[in-house]
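Chain A is the first sequence line, chain B the second, and so forth, proteins listed ahead of strands; every chain is numbered from 1.
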Amino acid sequence: MSPDRSTDAPEPGSLGGPDDLDDETRTAVEAELRCLADDDFVVAERYTEWQVRGPTLEADIGIGNIAQDELGHARLWYDLLEDFGHDETDLVWEADPGDFRHATLVELPFETGDWADCVVRSYLYDHYEELRLEALRESSYPRIVDRVGKVLGEEPYHREHAENWLERLAEDAGGRRRLQEALDRLYPHALTLFEPTDQEDAIVALGIRREPLDVLREEWRAIVVPVLAGLGLEVPEGDDADLLPDARGRDGTHTDAWEPLFHEFTHTYHDLGREEAVSLMPDPDEADV
Amino acid sequence: MDVETVEARAGPREFGPGDDMPEEYRKAATRMIQFHANSEIMGAYLERPFIREAPSIDRKLAFSAKVQDEIGHGQLLYRAAEELGVKTREQMLDELARGEGKFLNCFHYPMERWEETPMIAFFVDGAAMRRQATLKRTSWEPYAHAMDKICFEEGFHIKHGESILRELMTGPRAVQERTQAAFEEWWPRILQFFGPTDDQSTHHDFSAAVGLKTMTNDALRQAFLNAYVPKARQYGLELPDEPRVYRDAETDRWVVEQDDLDWDEFWTVAKNDYDGSHVQIGKRERTQEAVEWVRDAIESPGQGGVTPAAADD
C-alpha cells in the first residue's frame, strides 16, 4: 500500500448509486470515467487502422481483437456516464473535440508501416491501464467496482501481445532501431496518461481511485524502464516537466492530430442526419458483465 | 489416384491431405480456394475504412469484428489451399500483392460512402453466402471444413449489412435517395457476381466432375435473385430499368438481359486490369511493402540481438 493512499477516504463501494451522489462527488466520478472511456475509445480508433494492414494475417487478427476489447471497455465506461443523464450522442458524436479527456498518446496517427509504433504504444498503454484499473478495484463508487474486473480480465492478453512483439522486434538490429525511434517519440506522450484532471484531488480524497496518478506513474516507470532497458532500448531521460508535450489531453488540450481524427470518425453520423447513436447490443447492465 | 478414379469417387468431403490427388485436381482446387481467400482479404480492404466511419460505437464494433472475421476466413482458406501442396501461403499472398492473384469482381470497385456499405455487406455477402453454402459439400475436405466456420460467421455479417440497409432506408429522404443511387451503381456488378448466363467458365466442367463445385453459376444466380429481389423491394429499393431483370412467366425463372451488362468491363476486371483493380491492388501492395521490414526482422533477426532468442516464436 502506498503511503500516499488516502486513508480517510470512504470504504470500497460505499458511495452508493448514481442518484446518491452529491454534486462534488458526481463531478469527480464523471471526470474519472471520462478519462477511462476516452482513452479506450481513441486508442481503439487508432488500432483499427492496422486491420488488414498488419505485417501478418495473425497480427491483423490480434490487433482487431484488442481494438474490439478496448471499444467494449469504452462502451462500459460511457454507459456509466449515461447514469448521470448523458447519452452516447452527447458524449461522443455531438461532443466538442475539446470535451475529450484522453491522453495524447492514444490520438497520435500511425505512419504507414510503423508497426514498431503500434507495439511500443500498446506496451506503454497497457501497463498504464492495468495499474489504473487495479487502483479502481476497491473504488468507493460501486458501479466502477462492478465493471473493473471484466475489463482487467482482458488486459493480460493485450500486455502479452505487446510484450511478445516487443521482444521479437528487439531481436533484430533494424527492428530495435525502429522501436527506439517510436519510444523517443511516444514516451513524452505516454507521460500524459498520468496527468491529472482538475478533479484529481477529489478523486483520491473520495476514494474513487485508491492511488493518485503520480504514484501510479512511478509504479509504471518501475515496470517499463527496466524491461525496455533489458531489450537494449533507452528511455528518454530528463524531468517529466521538460519531457511532457504542450498538449496534455487530460485538460482538454490535444495535439494537432486530434481534430482531424475527430472529424473523420464523426462525419458520417452528421452526414446521415443522425440524432441518435444506434445500439445493437444489450445494455451492459442487462448483459452478463 | 487418376482423374477417372477421382471422378468416380467424387462426393462431399471425399478427399483430403491423405489422398494422392492428381495434379489436375490439385491445381483446380488451388485456383478456386486461392480466389476465395484473396476475395476475403480484398473485401476486408474495401471495408476497413468504414470502421472509422461507423456512426455508433456498436456499429464500429460490428464493423471491426467483420473485417477481422474476413481476415480469419482468408487465413483458414489459404491453409486449406496450402494442403493441396501446390503453393504456400506466402506465395499466394505475394501473388495477391503483385497483382497476379484473382479475386471477386465487386472488390475491384472503390467504396467511398456509407450508403454503399450494405451493397457489399448485404447483397454481395448474400450472393457469396449462396455459393459458400454449396461449398460445404465440396469434395476437398479442408475446404468444406473451412466453410462450416465461414458460413456461420457470414450469417452475422449479412444481418449486420441488412440492419445498415434498414437504418438507411428508414432515415431522412435524402439518405434514402443516396442509398437508391448506390444500389443502382452496384446492382450490375452484383448481377455479374455469378458470371455470364451463357456460362463461359472454362473451369466449371472439370470442377463439377471432380466434385469441387456442386452447383452451377446459373442455379446460384436464380437462388440469389429469388431471395434478394424481394428483399431489396421490401426495404424500398427499386430495381433500375437497366439492366433488365425479370421473371419469365413461362419458365418461372429469372432472366438477366446479358446485353444490358458491360461484359468488357467484367473481363477487364477478371484480368485485374480495371482502373479500380490497379487502385485496390496498389494499396495492398504498398501497405504490405511498408511492413516488409517486420517480416524480415522476425524471420531472420540480424545483428546483435541483446536478448536470448525466444524459442517459442
Side-chain angles (χ1 to χ4, degrees), chain A residues 41 44-45 47-49 51-61 63-65 67-68 71-72 74-75 78 88 92-93 111-116 164-165 167-176 178 230-232 261 264-274 276-281, chain B residues 41 44-45 47-48 50-65 67-72 74-75 78 89 93 113-115 160 163 167-168 171-172 174-175 178 283-284 286-298 300-307 309-310 313:
Chain A
F41 181 77
E45 189 61 52
Y47 285 157
T48 64
E49 291 175 16
Q51 292 194 254
V52 206
R53 301 204 279 195
T56 62
L57 299 182
E58 289 70 24
D60 262 322
I61 292 168
I63 200 70
N65 260 326
Q68 288 151 43
L71 272 175
R75 199 173 166 273
Y78 284 128
E88 191 182 313
V92 178
W93 308 102
E111 293 300 321
T112 305
D114 195 356
W115 183 244
N164 189 306
W165 271 107
E167 285 168 17
R168 291 169 86 182
L169 292 181
E171 290 293 313
D172 175 72
R176 203 162 60 247
R178 286 179 184 260
L231 295 170
L261 178 64
E264 277 178 36
F265 73 71
T266 52
H267 100 93
T268 301
Y269 174 91
H270 294 293
D271 191 42
L272 295 173
R274 291 289 160 90
E276 60 176 339
V278 175
S279 293
L280 303 170
M281 293 183 282
Chain B
I41 304 290
Y45 234 81
E47 293 194 294
R48 197 261 319 155
F50 293 92
I51 304 171
R52 174 149 302 164
E53 301 271 330
S56 81
I57 294 179
D58 283 6
R59 194 58 84 194
K60 194 181 288 285
L61 260 168
F63 240 109
S64 172
V67 169
Q68 186 193 9
D69 285 349
E70 314 283 12
I71 300 298
Q75 190 188 28
Y78 284 125
R89 182 173 99 168
L93 285 169
R113 301 178 66 95
W114 182 257
E115 306 88 78
H160 153 91
S163 134
E167 265 174 45
L168 289 167
V175 172
R178 275 161 28 197
K283 279 186 191 165
R284 174 77 193 161
R286 283 192 299 282
T287 53
Q288 284 302 292
E289 271 175 8
V291 286
E292 189 63 41
W293 71 269
V294 182
R295 289 191 290 271
D296 290 346
I298 59 178
S300 51
Q303 301 165 35
V306 290
T307 55
D313 276 358

| So which of B:Ile57, B:Leu168, B:Ile71, B:Asp69 has the biggest tally of heavy-atom pairs under 4.5 Å with chain A? | B:Ile57
| Distance, nearest 0.5 Å, that separates OH of B:Tyr45 from CZ of B:Arg284 | 5.5 Å
| said: Need one label for A:Ala116: side chain, backbone, both or neither, based on atoms under 4.5 Å from any heavy atom in chain B. | reply: both
| request: For B:Lys60 and B:Arg52, work out which heavy atoms get closest and say how close. | output: NZ-O, 3.2 Å
| field | Cationic N near anionic O, under 4.0 Å, A:Glu171 to A:Arg168 | value | no
| request: Could you tell me which portion of B:Ser300 (side chain, backbone, both or neither) has an atom closer than 4.5 angstrom to a non-hydrogen atom of chain A? | output: backbone
| Any idea which heavy atoms bring A:Ala67 and A:Tyr47 closest together, and the distance? | CB-CB, 3.9 Å
| Where does A:Glu88 contact chain B at under 4.5 Å (heavy atoms): side chain, backbone, both or neither? | side chain
| Top of A:His270, A:His267, A:Glu276, A:Glu49 for chain B proximity - count of heavy-atom pairs under 4.5 angstrom | A:Glu49
| remark: When the 4.5 angstrom heavy-atom criterion is applied to B:Arg48 and chain A, the contacting part is side chain
| remark: Ranked by heavy-atom pairs below 4.5 Å to chain B, first place among A:Gly273, A:Gly175, A:Ser279 goes to A:Ser279
| message | Report which part of B:Phe50 has an atom under 4.5 Å of a heavy atom belonging to chain A: side chain, backbone, both, or neither. | response | neither
| Donor + acceptor pair across side chains of A:Gln51, B:Ser64 (<3.5 Å) | yes
| message | Tell me which of these, B:Gln68, B:Glu292, B:Glu53, has more heavy-atom pairs under 4.5 Å with chain A than the rest. | response | B:Gln68
| note | Interface check, chain A: of B:Leu93, B:Ile51, B:Leu61, most non-hydrogen pairs under 4.5 Å belong to B:Leu61
| query | Just how far is it from atom CG of A:Asp271 to atom CZ of B:Arg113, taken to the nearest 0.5 Å? | reply | 5.5 Å
| So which part of B:Glu115 gets closer than 4.5 Å to some heavy atom of chain A, the side chain, the backbone, both or neither? | side chain
| said: Let me confirm one number: the NE2-CZ distance from B:His160 to B:Arg59, rounded to the nearest 0.5 Å. | reply: 6.0 Å
| Separation between CZ of A:Arg176 and CG of A:Leu231, rounded to the nearest 0.5 Å | 9.0 Å
| said: Please identify, among B:Gly74, B:Ala65, B:Ser163, the residue contributing the most non-hydrogen atom pairs under 4.5 Å to chain A. | reply: B:Ala65
| Parallel, tilted or perpendicular: ring planes of A:Trp93 versus A:Tyr269, cut at 30 and 60 degrees | parallel
| task | Determine the option with the most heavy-atom pairs under 4.5 angstrom with chain B, choosing from A:Leu261, A:Val278, A:Thr112, A:Thr48. | result | A:Val278
| request: Kindly check if the number of other-residue, nucleotide or ligand heavy atoms within 6.0 Å of CD (A:Glu111) is above 12? | output: no
| note | In terms of heavy-atom pairs under 4.5 Å with chain A, the winner among B:Val291, B:Asp296, B:Asp58, B:Ile41 is B:Asp58
| request: Let me know if B:Ala174 has heavy atoms under 4.5 Å from chain A in its side chain, its backbone, both or neither. | output: neither
| Is chain A contacted by the side chain of B:Val67, its backbone, both, or neither, given a heavy-atom distance below 4.5 Å? | both
| task | For A:Phe41, enumerate each residue passing the ring pair (Phe, Tyr, Trp, His ring centres under 6.0 Å) test, keeping only those at least two apart in sequence or located in another chain. | result | A:Phe265
| task | Could you tell me which portion of A:Arg53 (side chain, backbone, both or neither) has an atom closer than 4.5 angstrom to a non-hydrogen atom of chain B? | result | both
| field | Engaged part of B:Glu70 at the chain A interface, taking heavy atoms whose separation is under 4.5 Å | value | neither
| field | Most chain B-contacting option - heavy-atom pairs closer than 4.5 Å, from A:Arg178, A:Met281, A:Arg75 | value | A:Arg178
| message | Tell me if a side-chain donor or acceptor on B:Trp293 pairs with a main-chain N or O of A:Gly113 at a distance below 3.5 Å. | response | yes
| Leading residue by heavy atom contact count with chain B [cutoff under 4.5 Å; candidates A:Ala44, A:Gly54, A:Ala59] | A:Gly54
